[in-house]
Amino acid sequence: MNAPAASNAASATTRRKRALGLGVPGTLGLLVVVAWLLVALVAPWWVSASAQDIGVLPVFAPAQAGHWLGADYLGRDMLARVLLGARYTVAVALVAALAASAIGTCLAMLAAVSGGWLDAVLSRGMDTLISIPSKLFALIMVAAFGASVPLLVLTAAVIYVPGAYRIARALAVNVAALDYVVVARTRGESRWYLMRHEVLPNIIAPVTVDLGLRFVYVVLLLASLSFLGLGVQPPAADWGTLVRENLGALWEGGLAVVAPALAIASLTMAVNLVVDALPGRDARKAVH
Amino acid sequence: EAAVAARPRYGGRVRVATATASIADTLDPAKLANQTDYARSRMLYSCLTRFDARLTPEPALAERYETRDAKRWTLKLRNGVTFHDGRPLRAQDVVFSLMRHKDPATASKAKIFADQIDSVRASAPGEVEVLLHEPNADLPAMLATFWFAIVPDGTRDFNRGIGTGPFKLKEFKRGLRSVMVRNPDYWRDGRPYVDEIEVSGLGDEGARVNALLSGDLDLVAAIDPRSVRRVEGDPGFRVFRQSSGQYSNLAMRQDIAPGRNREFVRAVQLLFDRKRIVDSVALGNAIVANDQPIHPSNRFWFAGLPQRELDLDKARYHFRRSGLGSAPIPVVASPAASYTVEMTLALQQAARAIGMNLELRRMPPDGYWSNHWGKSPVGWGNVNPRPNADAVLTQFFKSDSSGNDAHWRDPKFDRLLLTARSEIDEAKRKALYADMQVMIHEQGGVAIPLFISSLDAHNARLKGLSAIPVGGLMGYEFAEHVWWDA
Amino acid sequence: MKSVLRLLLQRLGLGALSLLLVSVVVFTITAVLPGDAAAELLGQDATPETLAALRAQLGLDQPMALRYLHWLGGLLTGDPGRSLVSDAPVMELIGNRLPNSLLLAAVTAAIGVPLALLLGTLAAVFRGSWFDRLLNSGAVALVSVPEFLIATIAVLVLSVKLGWLPALSYASDIDSFSGAVRVFVMPVLTLCCVIVAQMMRMTRAALADQLDAPYIEMARLKGVPPVRLVLGHALPNAIGPIANAIALSTSYLLGGVIVIETIFYYPGVAKLMVDGVSQRDIPLVQTCTMIFCAGYLLLVMVADMIGILANPRLRHAR
Amino acid sequence: MGARIEVEGLRIAAGANVLVHDVGFIVEPGQVLALIGESGSGKTTIALALMGYARRGCRIAGGRVRIGDTDVLALPESGKRALRGRRVAYIAQSAAASFNPSRRIIDQVVEPALLHGVLARDAAERKAIELFRELALPNPETIGQRYPHEVSGGQLQRVMAAMALIADPDVVIFDEPTTALDVTTQIEVLAAFRRVVRERGVSAIYVSHDLAVVAQMADRILVLRHGRMRECAGTAQVLATPADEYTRSLLDAARIGERPPDVPPPTAGKALLEVSALSAGYGRVRDGKPEIPVLADVDFKLYRGQAIGVIGESGSGKSTLARCIAGLIEPASGEVRFDGQTLPGTLAKRDRETLRRVQIVFQHADTALNPSHTVGRILERPLAFFHGMDAAARRRRVAELLDLVKLPSALAERTSVGLSGGQKQRINLARALAAQPDLILCDEVTSALDPVVAAAILDLIAELRREVNASYLFISHDMHSVRAVCDGIVVMRHGRKLAQIAREDYARGPHHPYYEQLARSVPELRIGWLDDVLVASGRGTPAPTGETAT
Ligand SMILES: Nc1ncnc2c1ncn2[C@@H]1O[C@H](COP(=O)(O)OP(=O)(O)OP(=O)(O)O)[C@@H](O)[C@H]1O
Ligand SMILES: Nc1ncnc2c1ncn2[C@@H]1O[C@H](COP(=O)(O)OP(=O)(O)OP(=O)(O)O)[C@@H](O)[C@H]1O
Ligand SMILES: [Mg+2]
Ligand SMILES: [Mg+2]
C-alpha cells in the first residue's frame with residue numbers, strides 16, 4: 001500500500017466515525033435529551049390544564065392506573081406535573097447553561113488572548129460579579145424587572161458566567177502562550193480568530209465538561225430562584241421545585257419526590273454523556 | 001388516669017424548636033416579632049394579666065383590676081413578686097413598662113394599642129392607675145399580650161432578659177438558640193416543672209420533624225399537615241393541635257380596580273371551595289371560615305351569619321355583571337402567608353370554570369410584608385391569632401389602620417368599633433360585634449376561606465400541653481405548664 | 001521569583017479594588033431593594049409614625065452615600081458597626097459563627113478535595129475504561145440530586161431510622177473527637193456530594209488533555225510509571241484549571257452552604273447573611289459579603305498563582 | 001555494558017495502513033546502526049518500536065524485538081517501564097515538544113537516573129552537569145535551572161542527549177540528535193556520543209539525514225523508504241558501493257557540495273531589510289537593557305531577491321534575531337527597517353500588509369502547528385486571510401503548496417499530530433509561502449529533511465527568488481546549504497555579528513577565524529573524518545579512558 005492511498009483510507013474511517021458521531025453512550029444520552037426536549041415541546045398541548053387540579057387524588061397517593069406517578073402534596077397528578085415541568089427545566093436550564101458557558105468562555109478567551117488591562121478588568125469584573133450573593137442578585141432582578149421566564153434565564157446565566165469564565169480562562173491562558181498561537185499573531189489575525197480557531201479547539205474538551213456540570217447547577221438553582229419568586233409561577237414548576245415541594249413524601253414511599261429527582265438525574269446524566277462523547281474529542285491534543 | 005396525669009413531676013430538660021430564628025431575635029418586649037420571641041418572652045416575663053383556655057383574661061401580676069367606666073382602671077399588683085435579679089416588683093416598673101410603648105422612639109410593635117392609653121401612674125404602693133383616652137372594656141385582654149410584659153423600671157439593655165417569668169435566661173444566641181433555667185422564685189406556686197428549656201429556631205420544617213423523631217428534640221412548633229401522619233405513626237410522639245384565630249385573607253383593594261368592583265369581590269368569594277381547601281390543602285387541620293375574622297371559639301362570634309359556599313352559577317353571574325373580561329387578573333401570594341399559594345391555585349382552578357383568568361404571582365417571602373402586602377390590588381395577607389375581637393378588627397379593618405389591607409373605609413364600621421370597645425354590657429357588645437362581622441362579610445373586600453389550626457409535635461412523655469388559642473405552643477406559654485412523665 | 005512577588009502584590013492590590021467594587025455594588029443593591037430594615041422589623045404592625053421613628057433611630061434617614069462612607073470608614077478601622085435589626089455589633093454576630101463556617105469548610109475541603117483529585121486522576125489514568133465511565137456517571141448522578149434531598153435522606157436514614165448520628169449539628173456539641181465526628185459526618189457527606197463532582201470532572205478533563213501531549217510520550221519513554229506520569233508530569237501542566245475548579249468549589253463552602261446550615265441547624269455565616277438580606281440589614285450583609293468575597297478572592301488568587309507558577313511561560317509573559 | 005539488538009519482521013501499522021514493513025536487523029554490543037532514508041519513511045517509528053512503544057494511532061502489528069535476552073514486545077507494561085530509560089534510552093527528534101514545559105530542565109534530566117534507582121539525587125545532578133559540560137552547553141552548572149522554553153533549540157537538543165545518557169543505558173537510540181547544532185558544537189557532541197559507544201560498549205541506533213555524520217558514527221547503515229528496507233550493510237560498503245538506487249540518489253544529493261550559484265547577485269540599491277545596531281533579549285527591559293541580553297549591536301542589509309545566511313554557534317541568538325525582525329520581541333535598542341520604513345517593535349503596531357510581507361518559519365516545527373487543525377486548514381488560512389481566496393481556489397493552492405514542498409496532497413486531511421518531523425517542518429515552510437511574502441525568515445527549515453528532499457527545498461527557494469524576487473534570511477547550521485543558496489553570510493557568536501561574507505568572497509578567505517573554524521568543522525562524507533579532526537585538535541584518538549572534553 002502506498003502512502004497516499006493509505007492516508008485516504010485513514011481519513012475515510014475518521015469521516016465515518018464523525019458521521020456516526022457519539023458512540024453508544026453518547027447516542028443514548030442524545031436520545032434521552034431529545035426525548036425530554038420533545039416532551040417539553042408537546043407537553044402543554046398534550047396534558048390538559050385540569051390534569052393538575054388540586055385535590056383530585058389523596059395527598060401523596062401512590063401510583064395507580066391513570067396516574068402513573070401518583071399524586072403530589074396537593075393531590076395533583078404527578079405525571080402531569082413532571083411532563084409540564086420538563087419545559088422549564090429542559091429549556092430554561094439548557095439555554096441558561098449554554099449562555100453562561102458561551103459568554104464565560106468567550107470573555108475568558110478574550111482575556112487570555114488580549115492579556116494586559118483587558119484581562120485585568122474582565123477578571124476583576126467577574127470576581128465582583130461572583131461575589132454578589134446570588135440571593136441578593138435574584139431579589140434585585142425580580143424587584144427591578146418583575147418575574148418572567150426570560151429574566152429567569154438571564155439571571156441563572158449571569159450567576160454562572162463568572163464560574164465558567166474562571167475555568168475557561170485558566171485553560172485559555174495556557175494555550176494562548178503556545179507557539180502556534182504566536183504564529184497566528186504574526187499573521188496579524190484578529191482576536192476573534194485567535195479565540196475561535198486557535199484557542200477554542202484546544203480547550204473545548206474541558207470547557208464542555210464544565211458546561212455539563214454547569215447545566216446541573218442551573219437545574220438546581222432554578223428551584224431556589226423560583227422559591228424567591230423569580231420566573232416560573234405556580235402551578236407551573238421546574239423539576240427542582242417539584243423535588244423541593246414534595247420533600248415530605250420522602251418517608252411515605254416517596255414517588256412524588258423520587259420521580260422528579262430521577263427526571264433531573266436522567267436529563268443531567270444524558271447531557272453529560274453527550275458532552276463526554278462530543279466528536280473529535282480524542283483527536284485534539286494540546287501540544288506544548 | 002386523670003388523677004395521675006394531674007400530678008406533674010419536677011425536673012428534666014426540654015429541647016424545643018420553633019420555626020423561626022434570625023438575627024432580629026430580641027428580648028425587648030416592645031419589639032417581639034415572631035413565635036420564637038413570643039415563646040421566649042413568655043418564659044422570661046409576666047404580664048399584668050393572662051389568658052385562660054377560652055381567652056378570657058385572668059389576673060397575673062395584677063392581682064385585681066377594676067373600672068367603672070372602662071376608661072379609668074385601677075390595678076392592684078401582686079405582693080412579693082421579684083425580678084430575676086432579686087429586685088421586687090414595684091408600681092414604677094409597671095408605669096415604665098406600659099408607657100414606653102407610647103414613645104415613637106421605642107418603635108414598639110404595640111404602639112397602635114398603647115396609643116389608647118392616656119397615662120399610667122403609680123397611684124399607691126403596689127397599685128397603678130391606667131387612664132385611657134376612650135373607654136375600652138378589653139383592656140385586661142390587651143395587657144395580657146406579649147408586648148405588655150413587665151420589665152424593671154428604666155431597663156435599656158434587654159439582652160439579660162430580666163423579668164418576673166418562670167425561667168431565667170442562661171444563654172441567648174441570636175438566630176440560634178437560647179437556654180433558660182427554672183426560676184425558683186416564680187410567683188405562681190409550684191411552677192414551672194422542668195429545670196431547663198433550650199429553645200432553638202429551626203427554619204426547616206422537615207429538619208424539625210426529623211430531629212423530633214430522632215430524639216434530638218422534645219417539642220417542635222408548626223409542623224406541616226403532611227407530617228402529621230408521620231408523627232402519629234410513631235407511638236412515641238404526639239401531635240398537639242389547636243384551632244385558633246389564625247387566618248389568611250385575600251384582600252381585594254376597595255380603592256382601585258378590580259376590587260372596587262363589588263361584583264368581582266363577590267364572585268371571588270363564591271369561588272372558594274372551602275371544604276375542599278380544608279381537606280386538600282390543610283389536610284383537615286383547619287376549619288371553614290366565612291369571610292370575616294372572628295373565630296367560632298370567640299365569645300363574640302356571630303353564629304347567625306349564613307356560611308358562604310362554592311357556587312359557580314352565582315359566581316358566574318356576579319363575574320358577568322362585573323364586566324371584567326378574560327384579561328388576566330394578578331393575585332399576589334407568598335409562602336410568607338400560610339397556604340396562600342395553594343389557595344390561589346384552588347381559586348384559579350374554580351375561576352377557570354367561569355372564565356375568570358386569575359394569574360398567580362408568587363412573591364418571595366422576604367420583603368413580602370413591606371413590599372406587597374396591602375399594596376397589590378389583589379393579594380393575600382396573613383393574620384396571627386389575636387387575643388380579642390377588638391384587636392383584630394382594629395388592626396385590620398379600621399379605616400385608618402395601616403393593617404387594613406383591603407383599604408376598606410367605612411365610617412359606620414369605625415363608629416361601631418369604638419362603641420363596642422367602650423360597651424361594658426356583654427349582650428350589647430355581642431350585638432355590635434355581630435353587626436361588624438356582617439359588614440365585613442358583605443362589604444369588607446376580603447375573602448377569608450379558613451381558620452388555620454396550629455400543629456405542634458412532641459414527645460409522648462411530655463405532658464401538660466393544653467389549648468390557649470392565641471398561637472401555637474399553648475399560646476407560646478407551654479414552658480410553665482409542661483412536665484416529663486416517668 | 002521576584003516577578004512572582006510583584007505579580008502577587010499586584011493581585012493583592014487589584015483584590016482590594018475588587019473588594020471595594022463589590023462593597024459598592026452590594027450596598028447599592030441592598031439599599032435600592034424595596035423595603036428597608038425598619039419596615040422588615042415592624043412588619044404587619046408598622047405605622048407611619050413608628051416607621052419614621054425607627055428609621056431615624058437606625059440612621060436610615062441619612063443619605064445613602066453618607067451611610068456607605070460611614071460603614072466603609074468603620075470597616076477600615078476594624079469596626080463595621082452595629083447590625084440594624086439586632087442591636088449587637090456586626091463583628092460579634094459574625095464572630096460567633098465564622099469559626100464554625102471555616103471549620104466546616106476546612107473539614108469538607110480536607111476530605112473533598114483530595115478525594116476529588118484522587119478520583120479525577122484515576123479516571124484520567126484509566127480513561128475510556130468502565131471504571132472511568134462508572135466514576136463519571138456516578139459523579140454526575142450524585143451532583144444532580146438536589147442537596148436538600150441528599151441532606152434529608154441522610155438524616156432520615158442515619159438519624160431517624162438508624163439513630164447513629166444526631167439530626168442536628170449544633171456546633172457547641174463538638175467537645176470530644178467522637179462528638180465532632182458525629183456532628184460533621186452528615187454535613188460533610190452532603191457537601192462532598194455537591195462539590196466533588198466539579199473538581200473531579202475538571203481534574204479528569206484537564207489531565208486527559210495533557211496525557212495526550214508529546215512530552216508525556218517522552219516521559220513514558222523514560223520509563224516513568226503511570227502514577228508519576230500523571231502526578232509529576234501531567235498535573236503541573238493541568239493544575240491551573242484544576243486549581244480554579246477547586247477554588248470555585250471551596251469558595252462555595254463559605255457562603256453557599258445555606259441549605260446545610262438550615263437542615264442540620266449548623267450555626268454558620270451563610271444563614272446569617274441570607275437573614276441579613278431578608279431583613280435588609282445592610283451593615284451585616286455588607287460585612288458578610290466582604291468576608292466571602294475576600295475568601296473567594298484569596299482562593300482564586302492562590303489558584304491563579306498556582307497556575308502561573310506551574311506555567312513558566314506565564315511568569316514573564318507580557 | 002551494551003546489549004545485542006535483534007529485530008525481526010517488524011511491522012507497524014496505523015489503522016489499515018502499514019507504516020513499517022517487515023524490517024529486521026541486528027546490532028552487536030558496541031556497534032552503531034544508522035537508519036537513514038526519506039523523511040516520513042518510518043525511522044522514528046522503528047526507533048520507538050525498539051522500546052516496545054507505538055505512537056497513538058499506531059500499533060506494532062508483528063515481528064520481534066530483542067534487547068539482550070529480553071523479548072521487548074512480549075514484556076508486560078511494567079517490564080517495558082523497567083527497560084525504558086534504563087536499558088534503552090531515547091533521544092527524541094523534537095526536543096521542543098519532548099520537554100515538559102512546566103518543569104526545570106535539571107529535574108527532567110536526572111529523572112531517569114532517579115526513577116530507575118541508578119543514582120541518588122545529588123550524584124545524578126553532578127553527573128548531569130558533567131554531561132552538560134561534555135556536550136558543550138554554556139553555563140553547565142546553571143543551565144539546568146532554566147525552563148525548556150528559555151534555552152535555544154540546539155541547547156535543548158543537547159539537554160535531551162544528557163537526559164538519555166544519564167542512566168548509563170545499554171542501548172541508545174539517537175533520533176536526529178544534532179540537527180539543531182552548529183558544526184563546531186556538533187563535533188563536541190559527536191565526540192561525546194562516540195565516547196559513550198566506545199568506552200561503554202553501548203549499542204546504538206543512529207537516525208540521521210546527514211550522511212556525513214552517519215559516516216563518522218555508524219558501523220552499519222540501514223536505508224529505508226516508504227517503510228521498507230532498501231539496503232542494510234557496512235558503512236563503508238554503503239557509502240562506496242551502494243546497492244540500491246535510492247541509496248545512490250541520497251548519496252548524490254548529499255554530495256551537492258558547492259552548488260553553482262543559480263541566481264545572479266542582485267544589484268545594490270535600496271535595501272529591503274536593514275538591521276542596524278539591534279540589541280534585544282528576554283525578560284523585563286530596564287534602562288534600555290533587557291534582563292537577559294542576547295543580541296548586541298547587530299547590523300546587516302538584505303536586498304530584494306537576496307538570501308542572507310545566518311550561521312553561528314548554537315545559542316548565539318539567531319532565532320532571537322529572526323523573532324526580533326518578525327516583531328515577536330521588541331528590540332531594546334536599534335532599528336529594523338523594511339522597505340524603507342522602520343518596522344514597529346511589536347506585532348500590534350504593524351499593519352497587515354507588512355505582516356504578510358515578512359513571514360517567519362519557526363525552528364520548532366511541531367509546536368508551531370495547532371494540533372486540532374488539519375494540514376489543509378493550516379495552509380488555507382493565510383490564503384484566505386491575506387489573499388481572500390475562495391474555497392475552491394484555496395484547495396487548489398494547498399495542493400500546489402504541498403506539492404512544492406514534496407508532500408503528498410492527501411496529507412491535507414490529516415492533523416499535524418501524526419506527522420513525521422520532516423513533514424511538519426515542510427508544512428511550516430509551506431504556510432509561510434502561502435502568504436507570498438517578500439521576506440521569509442527561515443529558521444532551520446531543512447534540518448529534519450533527508451538530502452533528496454532538502455535539495456528539492458533548496459531548489460524551491462532558489463526558484464522563488466528567481467521568479468517572484470523573494471528574499472530570505474536563512475538561518476541554518478548546514479554550511480553546504482547556506483553557501484549554496486545565500487548571497488552573503490552573517491556569522492554570529494554570543495549575540496554579536498562577527499563577520500559578514502559576500503558570496504564572491506566565499507572561496508577567497510581567509511575570513512574571520514571563527515568562520516574558518518566553522519568551515520573546517522563541516523563534516524565530510526568520508527569515514528574517519530571525525531577522528532582526524534579530533535586528533536588535529538589535540539583531543540587524541542578514541543578510547544583513552546577518563547578524559548573529558550573541555
Ligand atoms: N498516527 C499515525 N497515523 C497515520 N500515519 C502516521 C501516524 N503516525 C505517523 N504516521 C506516518 O508514518 C510515517 C512515518 O513517520 P516517522 O515519524 O517514523 O517518519 P521519519 O522517518 O522519522 O521521518 P522524519 O525524517 O521526517 O522524521 C509518516 O508518513 C507519518 O505521516
Ligand atoms: N525565553 C527565553 N528566556 C531566557 N533566555 C532565552 C530565552 N530564549 C532563548 N534564550 C537564550 O538566548 C540565547 C539565544 O537563543 P536563540 O534561540 O536565539 O539561539 P539560536 O542562535 O537560535 O540557537 P540554536 O541554534 O541552538 O537554535 C540562548 O542562550 C538561550 O538560552
Ligand atoms: Mg523522525
Ligand atoms: Mg534557534
Side-chain angles (χ1 to χ4, degrees), chain A residues 25 115-116 120 123-125 127-128 130-137 139-140 143-144 163 166-171 173-174 177-178 202-203 205-210 212-213 216-217 219-220 223 240 243-244 247 250-251 257 261 264-265 267-269 271-273 276 282 284-288, chain C residues 14-15 17-18 21-22 25-26 29-30 32-34 133 136-137 140-141 143-149 152-153 156 197-198 201-202 204-206 208-210 212-215 237 240-241 243-245 247-248 255 273-274 277 285 288-289 292-293 296-297 300 303-304 307 311 313-314 317-318:
Chain A
S123 297
R124 280 343 105 208
D127 285 348
T128 307
I130 207 172
S131 297
I132 299 171
S134 57
K135 178 175 180 181
L136 202 57
F137 185 71
L139 284 177
I140 191 79
R166 278 237 131 245
I167 301 282
R169 184 184 168 280
L171 290 160
V173 285
N174 283 337
L178 296 179
N202 295 299
I203 63 168
V207 161
T208 46
V209 165
D210 184 61
L213 284 172
V216 178
Y217 295 147
V219 170
L220 301 184
V243 174
R244 184 187 278 257
L247 211 52
L250 210 48
W251 75 282
V257 60
I264 294 177
L267 178 63
T268 50
M269 286 181 69
V271 166
N272 279 281
L273 282 179
D276 283 350
D282 280 337
R284 288 172 179 149
K285 290 159 204 155
V287 178
H288 287 255
Chain C
L14 282 173
L17 208 71
S18 297
L21 205 63
V22 172
V25 173
V26 169
I29 294 184
T30 330
V32 300
L33 263 185
R133 293 239 170 89
N136 263 312
S137 7
V140 174
V143 77
S144 58
V145 184
E147 64 186 312
F148 53 83
L149 186 57
T152 309
I153 291 175
L156 271 185
Q198 186 187 22
R201 300 253 309 158
M202 192 45 67
R204 181 194 177 277
D209 238 25
Q210 291 298 323
D212 291 331
Y215 70 83
N237 293 290
N244 268 286
L248 285 178
M273 183 174 77
V274 172
V277 171
V285 175
C288 287
T289 313
F292 296 150
C293 181
Y296 166 80
L297 288 176
V300 298
D304 283 352
N311 187 344
R313 280 172 205 260
L314 298 181
R318 292 177 288 225

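To find a chain, count down the sequence lines: A is the first, B the second, and so on, and within it residues start at 1.
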Heavy-atom pair count under 4.5 Å with chain A, highest-scoring of Pro146(C), Gly307(C), Gly240(C):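 The option with the most such pairs is Pro146(C).
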Winner by heavy-atom pair count (cut-off under 4.5 Å) against chain A, out of Val143(C), Val140(C), Val277(C):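 Of the candidates given, the most pairs with chain A belong to Val140(C).
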Atom pair [atom1]/[atom2] of [X] and [Y] - distance to nearest 0.5 Å:
X	Y	atom1	atom2	value
Leu21(C)	Ser131(A)	CG	OG	9.5 Å
Arg201(C)	Leu213(A)	CZ	CG	5.5 Å
Thr128(A)	Leu17(C)	OG1	CG	8.5 Å
Arg124(A)	Leu14(C)	CZ	CG	5.5 Å
Asp276(A)	Asn136(C)	CG	CG	5.5 Å
Met273(C)	Leu136(A)	CE	CG	7.5 Å

Compare all side-chain heavy atoms of [X] with those of [Y] and state whether any distance is below 4.5 angstrom.
X	Y	value
Val26(C)	Pro133(A)	yes
Pro241(C)	Asn174(A)	yes
Asp304(C)	Arg169(A)	yes

Locate the shortest heavy-atom distance separating [X] from [Y]; write the atom from each residue and the value.
X	Y	value
Tyr217(A)	Gln198(C)	OH-CB, 3.2 Å
Ala205(C)	Pro206(A)	CB-CA, 3.8 Å
Ala141(C)	Met269(A)	CB-SD, 3.5 Å
Asn202(A)	Asp209(C)	O-OD2, 3.6 Å
Leu220(A)	Val145(C)	CD1-O, 4.3 Å
Val216(A)	Ser144(C)	CG1-CA, 3.5 Å

Part of Val219(A) within contact of chain C (heavy atom distance under 4.5 Å): neither
Chain C contact via Ala265(A) - side chain, backbone, both or neither, heavy atoms under 4.5 Å: both
Winner by heavy-atom pair count (cut-off under 4.5 Å) against chain C, out of Ile264(A), Leu247(A), Val271(A):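 Option with the greatest count: Leu247(A).
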Residues in side-chain contact (heavy atoms from CB on, under 4.5 Å) contact with Ile130(A), at least two apart in sequence or another chain: Pro162(A), Leu248(C), Tyr296(C)
Sequence-distant partners of Leu250(A), side-chain contact (heavy atoms from CB on, under 4.5 Å), two or more places apart: Val257(A), Leu149(C), Thr152(C), Ile153(C), Leu156(C)
Side chain / backbone / both / neither for Arg133(C) at chain A, heavy atoms under 4.5 Å: side chain
Per-residue contact mode, Val274(C) against chain A (heavy atom under 4.5 angstrom): both
